[in-house]
Amino acid sequence: MTVLIKGAGVAGLTAAFELSRRGIAVEVMDAAETVGTGASTYAGGMLAPYCEREAAEEAVLTLGLSSADWWAEAVPGEVSRKGTLVIAAGRDSVELDRFASRTRGYEWVGGNTIGELEPDLAGRFDRALFFPEEAHLDPRKVMTGLYEALVERGVRFHLGSTETPTETAYSAVVECTGAAAIGSTPGLRGVRGEMLFLETTEITLSRPVRLLHPRHPLYIVPREDHRFMVGATMIETDDDGPITARSVMEFLNAAYAVHPAFGEARLVETGVGVRPAFADNLPRVLEQEDGFSIAGMHRHGFLLAPAMARQLADSICAGRHDPVYAEGALQ
Ligand SMILES: Cc1cc2nc3c(=O)[nH]c(=O)nc-3n(C[C@H](O)[C@H](O)[C@H](O)COP(=O)(O)OP(=O)(O)OC[C@H]3O[C@@H](n4cnc5c(N)ncnc54)[C@H](O)[C@@H]3O)c2cc1C
C-alpha cells in the first residue's frame with residue numbers, strides 16, 4: 001500500500017509525515033522544483049489558536065491547541081513557545097477590549113510587563129493582552145525540516161512535474177494542492193494574503209506582536225538574522241499578482257507605529273500567497289474518487305495541518321471510505 005501525496009506545501013508535507021510515521025509507504029509529488037513554494041512559504045508561522053478565535057470558529061481553537069506539540073515532535077527545536085503580545089495605539093485602545101471580549105487564554109498586562117516581555121517596546125504602550133500559551137515557528141525552516149525527515153525515512157519525492165508518476169501502483173492519492181484546487185473543489189475560494197520582510201538590527205522582538213487597528217491590523221513575527229515578517233492582508237480574490245503599493249504603505253506605517261526603528265529597516269522581500277478557503281473558513285479532509293484531499297486551510301495552514309494530517313491518517317489506517325468530514329462535524 002503506497003499513498004501518493006500531490007502537493008508539498010504544509011498540508012502535503014504534514015500528511016506525508018503523519019502517514020509515514022504510522023508505517024504507511026508514501027511518495028510526494030509537486031509541480032515546483034522544490035517543496036514549500038506555495039502559500040506556505042509566505043506564512044507568518046504563528047501557532048495562535050487563542051488569538052485566531054477572535055475571527056474564527058471554535059474548531060480552530062480546539063483543533064489548533066495541540067499543534068505546537070505536533071510540530072515540536074516532528075521538527076525538534078523549531079517551535080518557539082513565548083506567547084503572543086497584542087497591542088494597540090492609545091487612541092485605538094478600545095480595540096483591545098473588543099479583542100479581549102472575543103478571545104480567551106490571555107492576561108491583561110501593563111506597561112511594566114510589556115517592557116519585561118519585549119524590552120524594545122518599553123514605554124511605548126500602556127496595556128496589552130498577553131497570550132502565554134501560543135507559539136510560533138519559521139515556516140520555511142520547518143518545511144525543509146519535514147522534507148529532510150521524510151527523505152531520511154525513505155520517502156520518494158517527484159518534483160517539478162504535474163504528471164502522476166507511473167512506476168508505482170498507488171492505493172490512494174491525496175490531493176494537497178492548495179489554491180490550485182479552486183475551481184475543481186466545490187466551494188473553495190481564494191483569499192489573497194500579502195506580506196513583507198523587514199531587516200534591522202535596531203530592534204529585537206521575542207514573539208509575534210499583533211497591532212490592533214480598526215482598519216489595518218497587522219502582526220510582526222520575528223525571524224532569525226534580524227528579519228521580521230510583517231503581514232498580512234485578507235483580500236477576497238485568488239489574484240496572486242505582486243503586492244500593491246497601498247498594502248506596502250499600510251504595513252510600513254503600522255510597523256513604524258510599533259517602533260520607529262522599523263522606519264530605518266531594509267525592505268528585503270515582499271510576497272503574496274493565496275489562501276484556499278471554504279465559506280466557513282474551516283479546513284476539510286474530503287473523500288475523492290481515488291483517495292482524499294486536504295483543502296481549505298485558509299489562514300491556519302500551520303496551525304491546523306497537524307489535525308488534518310491525523311484525520312487523514314486515521315481514515316487511511318482504518319480503511320474508511322465514507323466522507324471524513326461531514327458539514328458541522330468540526331463544530
Ligand atoms: C501572508 C500569509 C500569512 C499566513 N500566516 C499564517 C500563520 O501565521 N499561521 C498559519 O497557520 N497559517 C498562515 N497562513 C496560511 C497558510 O500559509 C496556508 O493555510 C497554507 O499555506 C496552505 O497550505 P497548502 O499546503 O494547502 O497550500 P500551498 O502551500 O499553496 O501548497 C500547495 C502545493 O501544491 C503544489 N501544486 C499545485 N498544483 C499542483 C499539481 N497539479 N500537482 C502537484 N503539485 C501541485 C504547489 O506547487 C504547492 O507546493 C498564512 C498565509 C499567508 C498567505
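In this chain, numbering begins with 1 at the start of the sequence shown. Whatever order the structure lists ligands and atoms in, that order sets their numbers, starting from 1. All values derive from a computational prediction rather than experimental measurement.
Distance from atom 29 (O) of ligand 1 to its nearest protein heavy atom, with residue and atom name: Ser40 OG, 2.4 Å. Among protein heavy atoms, atom 25 (O) of ligand 1 sits closest to Ala11 N, 3.0 Å. Ranking the protein heavy atoms by distance from atom 10 (C) of ligand 1 puts Arg299 O, 3.4 Å first. Counting protein heavy atoms only, atom 16 (C) of ligand 1 is closest to Gly301 N, 3.8 Å. When hydrogens are left out, the protein atom nearest atom 30 (O) of ligand 1 is Ala39 N, 3.0 Å; that is the closest non-hydrogen contact.
For a threshold of 3.5 Å applied to N or O pairs, the pair formed by Leu303 and ligand 1 contains at least one separation below that value. Residue Ala43 has no nitrogen or oxygen atom sitting less than 3.5 Å from a nitrogen or oxygen atom of ligand 1, judged on distance alone.
Separation of the Phe302 and Trp71 ring centroids falls under the 6.0 Å cut-off.
If you check the side chains of Thr37 and Thr34, you find no donor sitting under 3.5 Å from an acceptor. Judged by distance alone, the side chains of Glu175 and Ser293 never bring a donor and an acceptor atom under 3.5 Å apart. The closest side-chain donor-acceptor pair between Thr168 and Glu27 falls under 3.5 angstrom. Side chains of Tyr50 and Glu134: a donor-acceptor N/O pair is absent below 3.5 angstrom, by distance only.
Of the options Thr14, Asp30, Leu47, Ile5, the smallest heavy-atom separation from atom 35 (C) of ligand 1 is shown by Asp30. Within the set Gly36, Gly44, Ala277, the minimum heavy-atom distance to atom 5 (N) of ligand 1 is found for Gly44. Nearest-residue assignment for atom 42 (N) of ligand 1 (options Thr34, Leu304, Thr162; heavy-atom criterion): Thr162. With atom 18 (C) of ligand 1 as the reference point, the heavy atom nearest to it among Arg275, His298, Met46 is part of His298.
At a 4.0 Å heavy-atom cut-off, ligand 1 touches His300 through the backbone alone. Residue-level proximity to ligand 1 for Cys176 is carried by the backbone, the only part with a heavy atom below 4.0 angstrom.
By the 30° and 60° cut-offs, the orientation of the rings of Trp108 relative to Tyr106 is perpendicular.
Remark: side-chain polar atoms of Arg275 are not paired, donor with acceptor, to backbone N or O of Met297 under 3.5 angstrom.
Here the closest non-hydrogen pair linking Thr200 and Ala261 is OG1-O, 4.3 Å.
Residue contacts with ligand 1 leave out Gly231, since none of its heavy atoms falls under 4.0 Å from the ligand.
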